[in-house]
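The structure appears right after this line, and notes come after that.
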Amino acid sequence: MNANIKSKFNSHSIHSRKAISFVSLLFMTILLVSPLVSVFTNVSPFASAAPDKVVGTANELIDAVANAPDGSSYTIALDMDITLTDTLEIPADKDITLVSDSDSKFFKLIGADGKSTITVMRDGELTLAGIIVVHEVNAIGTGVIVNGGGTLTMTSGEIFNNTATSAGGVRNWGTFKLSGGKIYNNTVTGSGGGVYNDGTFTLSGGEISGNTAKYGAGVYNNGESFKMTGGRISLNIATEGGGVYSDKDFTLSGGMIFNNTATSNGGGVYNYYNEFKMQGGEIANNTAALDGGGVYIHFANFTMTDGKISNNTANRNGGGIGMSNSACLEDIDISSSAAFSNNRASAAYDRAESDDELYRKHIGSKVTWTSPFEQGYNNYDISYTKGTQIDVDDGSKPTTSPTSTPTNTPRPPTPSDNGSKPESDGFDWRIVVIVLAIVIALLVAALIFYLPKREAKHIEEDLNDFTVV
C-alpha cells in the first residue's frame, strides 16, 4: 500500500515570525534607550516642535507677531535678549507663544521705560513658555497687561524687576492662567506687586515671591474670581495683605501661602468685605505686625472646609485668623476637618459663656487647634478678646521668626541676570520617562522570554500536523 504524506508544515511562516519578533525587540530596545538618554542629557523626549519663527531684534519680533496667522497657534523664539522701544502688542485673533531658542537659558524681553513690556489686546492670546519679561533698573512699567477679553498663559520663564504705581508683574482684566515659572521681585507703591487681578485668575503652579506693595504684595484681587489650586505665594511684603489682598471672591484649594509679611494686618491673606473659601492648601509661617498673622477678616465671610493654618504670628491679636470686629465671628465657618497648629499672638482668652451658641453654630467639634488649646476662640488661632485672659505656659511668645519651616520652601528670590533656566516648577517629565523605561523594560523581558517558547510550540504543532492521503 502506497501512502502519500502531505505536510502543512511551512518553514516560511517560521522565518516570518522570527523576523517580526526581531523587529519588535529592536523597536522596544529603541523605546527603552531613548528616554534614558534624554534623562541623562537633560533633554525632554516630549520637547515641543521647532518654533515657527526665530527672532533676534525688536523689529523682527514685531513683524513676526504682525504676520502670524489669525486663529492658529504661532511660536516665536528669541535667540538673544531684545530691548523694546515701545510696548509689544498681541493683537486680536493672534495666538502667540514666546519661547527662548536655547536649551540652557531664558532670553530677556526688556520693556521700554514708562511703558508695559507686553500688552495682550482683546481677543488676543499669549503664552509665555520660557522668556524673561523685565525692565531695566530704575525704569518704570508693568511687565504684562491683559485687556478684557484677552488671555495670558504662563507655563515657564520669569516676570521680574518691574516697577510701577500699581501692578508690577501682571495687570489682568481678562483671563490669566499661571501654571509654572516665577513672578518675583516686582515693586509698586500701591496695589498688586506681583499680580493685580481685575478679571479671572487661576493659579495652579509656579511661584509669586519677593514682591513689594502697599496692598497685596503677591496678589491684589479685585476681579471676577481668583482660584488657587497649587503653586506658591511666598516672601512678599506689604502694609496689608503680604501674600494676598482680596477685595473680591477668593478660593484656595491647594498650594501654599507662606513666609509673607504685613507691616499692619494680614500677613498671609487680607480679605476685605467679600468671601474667602479655604478648601485645602496651607497658610503658614506668615507674620503680621498687628492682627491676623495668617488671615485677616475685614467684615467679610471666611469658610474653611479643609486645609491648614499653621506657624503664623501676630504681634497683637489673631495668630491664625484676626478680625476687624468681634461681629465678624458670625461670618466665620470652620468645619471639623480644618487644622490649626503653632500659631502665636500676644495673649489668649477663654470663651465667654454668652458666645457658646455662636461657637457651636460656626465651629466644628473636631477641629485641631494650636496646642495646648481645645477650643478656637482665643488669640492664637482665632482673634477673640471677650473672655478671660489666661496664662499659657508653653514657652510661646509672639516673634517675627517662624517656629518651623513648611515643606517645599523656595530659595529667596534673586534676579536671574544671566538668564539661566531654573529647575522646573511643578511637573517633572523625568519621572514619566523613568516610569516609561521601566514599563518598556518589563515588556522587552517578557517578549524575550515568551517568543522563543511560542515559536517552539508552533514548530512542534506544525511538525505533528500531518495528513495521510
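Keep in mind the model is a prediction, meaning the values are calculated, not measured. FYI, the numbering just counts along the sequence from 1.
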Do [X] and [Y] have side chains that get closer than 4.5 Å, going by heavy atoms?
| X | Y | answer |
| --- | --- | --- |
| T261 | N286 | no |
| W173 | N147 | yes |
| F276 | S246 | no |
| S341 | S371 | no |
| V65 | Y74 | no |
| Y377 | L358 | yes |
| T165 | I140 | no |
| L61 | L88 | yes |

[X] side chain vs [Y] backbone, donor-acceptor pair below 3.5 Å:
| X | Y | answer |
| --- | --- | --- |
| T175 | T151 | no |
| Y384 | A352 | yes |
| K182 | I208 | no |
| D249 | S225 | no |

Would you please classify the geometry between the Y220 ring and the Y196 ring as parallel, tilted or perpendicular, with 30° and 60° separating the classes?
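Plane angle between 30° and 60°, so tilted.
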
Could you label the plane-to-plane angle of the Y359 and W369 rings as parallel, tilted or perpendicular, counting under 30° as parallel and over 60° as perpendicular?
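Tilted.
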
Minimum-distance pair of heavy atoms, taken over all atoms of [X] and [Y]:
| X | Y | value |
| --- | --- | --- |
| G293 | A314 | N-CB, 3.8 Å |
| I145 | S116 | CD1-CB, 3.7 Å |
| G190 | A213 | O-CB, 3.6 Å |
| I283 | G294 | CG2-O, 3.6 Å |
| G319 | N312 | O-CB, 3.1 Å |
| Y270 | H298 | OH-ND1, 3.7 Å |

Just to verify, which of N211, T212, N186, N259 counts as forming a side-chain hydrogen bond (donor to acceptor under 3.5 Å, both in side chains) with N236?
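Of N211, T212, N186, N259, side-chain hydrogen bond (donor to acceptor under 3.5 Å, both in side chains) with N236 is met by N211 alone.
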
Applying the side chain to side chain contact (heavy atoms under 4.5 Å, CB included) criterion to [X], which one of [options] satisfies it?
| X | options | answer |
| --- | --- | --- |
| F226 | N172, V195, V244, L252 | V244 |
| I118 | T87, T142, I96, V133 | V133 |
| I183 | L178, N162, L203 | L178 |

Please report the interatomic distance [atom1]([X]) to [atom2]([Y]), rounded to the nearest 0.5 Å.
| X | Y | atom1 | atom2 | result |
| --- | --- | --- | --- | --- |
| N343 | N379 | CG | CG | 11.5 Å |
| E224 | F201 | CD | CZ | 14.5 Å |
| H135 | L84 | NE2 | CG | 8.5 Å |
| D247 | N197 | CG | CG | 11.5 Å |
| S100 | K108 | OG | NZ | 11.5 Å |

Side chains of [X] and [Y]: do they bring a donor and an acceptor to under 3.5 Å?
| X | Y | value |
| --- | --- | --- |
| S310 | E282 | yes |
| D381 | T370 | yes |
| N317 | S383 | no |
| Y296 | E240 | no |
| N222 | Y245 | no |

Using side-chain contact (heavy atoms from CB on, under 4.5 Å), reason through I309 and F340 one step at a time and then give a plain yes or no.
CA-CA 5 Å; I309 297 178; F340 294 75; 3.9 Å; yes

If you apply the rule side-chain contact (heavy atoms from CB on, under 4.5 Å), what do you find for I76 with V99, and how did you get there?
CA-CA 6 Å; I76 302 172; V99 301; over 6 Å; no

Q389, CD atom: more than 12 neighbouring heavy atoms under 6.0 Å
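Yes, CD of Q389 has more than 12 neighbouring heavy atoms, counting only those of other groups under 6.0 Å.
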
Heavy atoms from other residues, nucleotides or ligands near OH of Y215 exceed 12 (cutoff 6.0 Å):
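Counting neighbours around OH of Y215, 12 or fewer heavy atoms of other residues, nucleotides or ligands fall under 6.0 Å, so no.
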
With the threshold set at 4.0 Å, does a side-chain nitrogen-carboxylate oxygen contact exist between R232 and E207?
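Yes, R232 and E207 are salt-bridged.
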
